[in-house]
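The structure appears below as structure tokens.
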Amino acid sequence: MFCGKEDKLETMELPNDSGDLGSEMEVDAFRRLFPLRFYERHLAESIRPDARPLSRARDTTVALGAVASANGSALAKIGSTTMLAAIKMEVMTPSVELPDEGCIAIEFHMPPICSPLVRPGRPAEVAPVVSKQLSDTILSSGMINLKELSLVSGKAAWMAYLDIYCLDADGALFDAALLSAVAAFSHLQIPVVSLNDDGKIVMLSEEQDDGNLDKGAVNKEKRKIALSSIPFSLTCVLHKNYILADPTAEEESIMETVVTVVLDSSNQLVSLYKPGGPVLARTSVLQDCVALTRQRIKELQNILDEAISGMEVD
Amino acid sequence: MTTKHSAVPTTYSPSPTSRSKPSVSKDSIVDWVRPDGRGYRQCRPAFFRTGAVNAASGSAYAEFGNTKVIVSVFGPRESKKAMMYSDVGRLNCNVGFTTFATPIRGQGSDHKEFSSLLHKALEGAIILETFPKTTVDVFALVLESGGSDLPVIISCASVALADAGIMMYDLVAAVSMSCLGKNLVIDPITEEESYQDGSLMITCMPSRYEVTQLTVIGEWSTPEINEAMELCLDACSKLAEIMRSSLKEVVSGSQE
């Protein structure tokens with residue numbers, strides 16, 4: 001019964017068919033029953049169901065300072081995928097081997113609100129994977145010089161806790177998470193602190209600021225972290241000979257081969273992930289992915305710059 | 001990298017942690033001045049927006065001052081395999097906090113009881129008979145905790161349920177009150193909650209004038225309880241108007 005219906009449906013999906021409600025319902029059923037064939041018909045016309053060309057990423061926005069109680073925060077959206085990143089600065093005693101370096105602890109969370117696949121008590125499998133990818137990428141890109149996080153050599157240094165929450169999961173989670181993380185660091189304001197008599201680091205409040213500056217303020221000049229060579233990424237899905245940039249959750253679930261390329265702002269390759277999948281990535285395909293990423297990071301750089309300059313106006 | 005894996009160093013927040021609490025007793029505080037300059041009977045401006053999470057069947061974002069909450073509703077969907085057969089639908093609630101919700105990192109997880117309180121507040125309002133054998137999941141995430149978290153979660157969850165098209169007798173609105181010495185303050189912020197002698201929370205269905213949950217904690221006199229209940233019920237019906245208009249906005253917007 002289904003076979004007969006399927007043929008009929010395929011003809012109904014042709015563009016010359018008028019878009020009355022009856023046929024639209026059928027298309028929706030076809031999409032659910034034969035997702036791969038549904039996509040292949042679109043790909044043959046070089047278009048995606050959400051009307052994007054294959055190489056175009058979804059609309060992307062960044063808003064800085066979304067969390068008032070954090071030292072730095074950002075909300076990043078790529079299509080529906082939404083990430084909220086916040087940094088809290090705490091003080092630690094640096095290790096003996098690296099007395100002049102601070103530390104960054106990065107964690108990626110997928111709370112049950114973000115996707116029907118995540119249930120409380122049963123965390124999503126991808127969360128620790130993205131978490132590891134993020135900390136590898138951020139720490140190895142050299143974006144942040146950990147020496148800048150030092151306060152008092154051998155005694156005190158900053159521990160930056162970066163927590164990224166996925167609020168809505170619709171594909172390309174790593175790209176959105178990395179964007180929100182980078183934006184949170186660019187929004188980071190380090191509090192002015194001083195070393196008190198007990199050897200503890202304490203925050204200097206506003207009113208104390210004028211009188212006690214000479215005495216305390218171990219980090220008067222270091223209110224912002226200098227970010228060099230910021231990493232940006234683009235995830236692509238491979239299917240046969242097609243490359244789909246910035247996939248949605250539906251596209252990721254139907255076509256399983258994913259390639260994520262991370263480049264820094266001077267177009268240097270930071271990392272490349274291709275975790276298995278049925279499609280083998282040939283050199284030329286990987287080069288195409290890198291080329292797409294190169295275009296994409298120009299967009300991302302502009303979006304981030306605009307968000308930062310928007311903050312400065314306020 | 002190496003330092004991170006060898007041993008996680010103990011850290012502390014440089015912000016002053018132990019603020020000296022003013023001794024609040026029935027006699028010492030005559031007039032409490034609200035830190036955000038509100039009157040005792042004045043709630044924070046409430047903001048609701050539905051459709052915050054596209055992956056969910058229904059969702060809502062609520063913002064009351066610094067308290068920011070997202071609630072997603074999933075289902076009705078298949079109950080867990082281990083569940084017994086049930087003629088009526090099941091409601092499953094969970095409340096989580098972000099690590100940065102509280103001024104000191106990671107303290108939000110102290111509120112384990114919120115999940116069951118949310119469940120009990122909503123259960124009476126939902127027409128469970130409309131989705132037999134299945135489960136509706138209500139998941140909340142507190143993005144920032146700014147006081148009166150639980151009432152905000154409950155009100156937001158009820159808007160999210162309406163957004164998901166789950167049948168309810170009425171919207172559930174929740175308002176809490178703190179008792180500070182002789183003063184009763186409505187919709188308290190975190191600082192007020194930390195000094196309070198007692199707290200009272202009402203969750204109700206204002207159109208039906210039915211209470212789904214009432215919690216009273218701490219020192220209260222009977223006249224105080226009566227006054228607080230009056231004030232909360234009044235505030236609930238006003239809050240429900242705001243919740244209703246946020247739901248109407250979406251519908252009228254999509255028709256254009």
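None of the values given here were measured: they were computed from a predicted structure. So that the names make sense, note that chain A is the first sequence line, chain B the second, and so on, each numbered from 1.
- Interface summary for chain B: among A:Ala68, A:Ala169, A:Ala70, A:Pro111, the most heavy-atom pairs under 4.5 angstrom belong to A:Ala68.
- Residue contact with chain A, scored on non-hydrogen atoms closer than 4.5 Å, involves the backbone and the side chain of B:Asn54 alike.
- Of the atoms belonging to A:Ala66, it is backbone heavy atoms, and not side-chain ones, that fall under 4.5 Å from chain B.
- Of the two parts of A:Val118, only the backbone, made up of N, CA, C and O, holds a non-hydrogen atom closer than 4.5 Å to a non-hydrogen atom of chain B.
- Your options are B:Gly75, B:Ser59, B:Pro103, B:Ser145, and the one with the most heavy-atom pairs under 4.5 Å with chain A is B:Pro103.
- Taking the six-membered ring where the residue is Trp, B:Phe97 and B:Phe114 present tilted rings, their angle falling between 30° and 60°.
- Salt bridge annotation for A:Arg58-A:Asp50: absent, with no cationic side-chain nitrogen under 4.0 angstrom from a carboxylate oxygen.
- Between B:Thr99 and A:Asp163, the side chains place a donor N or O and an acceptor N or O closer than 3.5 Å (distance only, hydrogens not considered).
- Centroid-to-centroid, the aromatic rings of A:Tyr161 and B:Phe100 stay 6.0 Å apart or farther.
- Other residues, nucleotides and ligands place more than 12 heavy atoms under 6.0 Å from the CD atom of B:Glu113.
- Residues of residues 77-90 of chain A lying under 4.5 angstrom from chain B, judged on non-hydrogen atoms, are A:Ser80, A:Leu84, A:Ala86, A:Lys88, A:Met89, A:Glu90 in numerical order.
- Using a 4.0 Å cut-off between charged nitrogen and carboxylate oxygen, B:Arg44 and B:Asp36 do not count as a salt-bridge pair.
- From B:Thr50, atom OG1 reaches atom NZ of B:Lys248 across 13.5 Å, with rounding to the nearest 0.5 Å.
- No donor-acceptor pair under 3.5 Å is formed between the side chain of B:Arg34 and the backbone N or O of B:Arg38.
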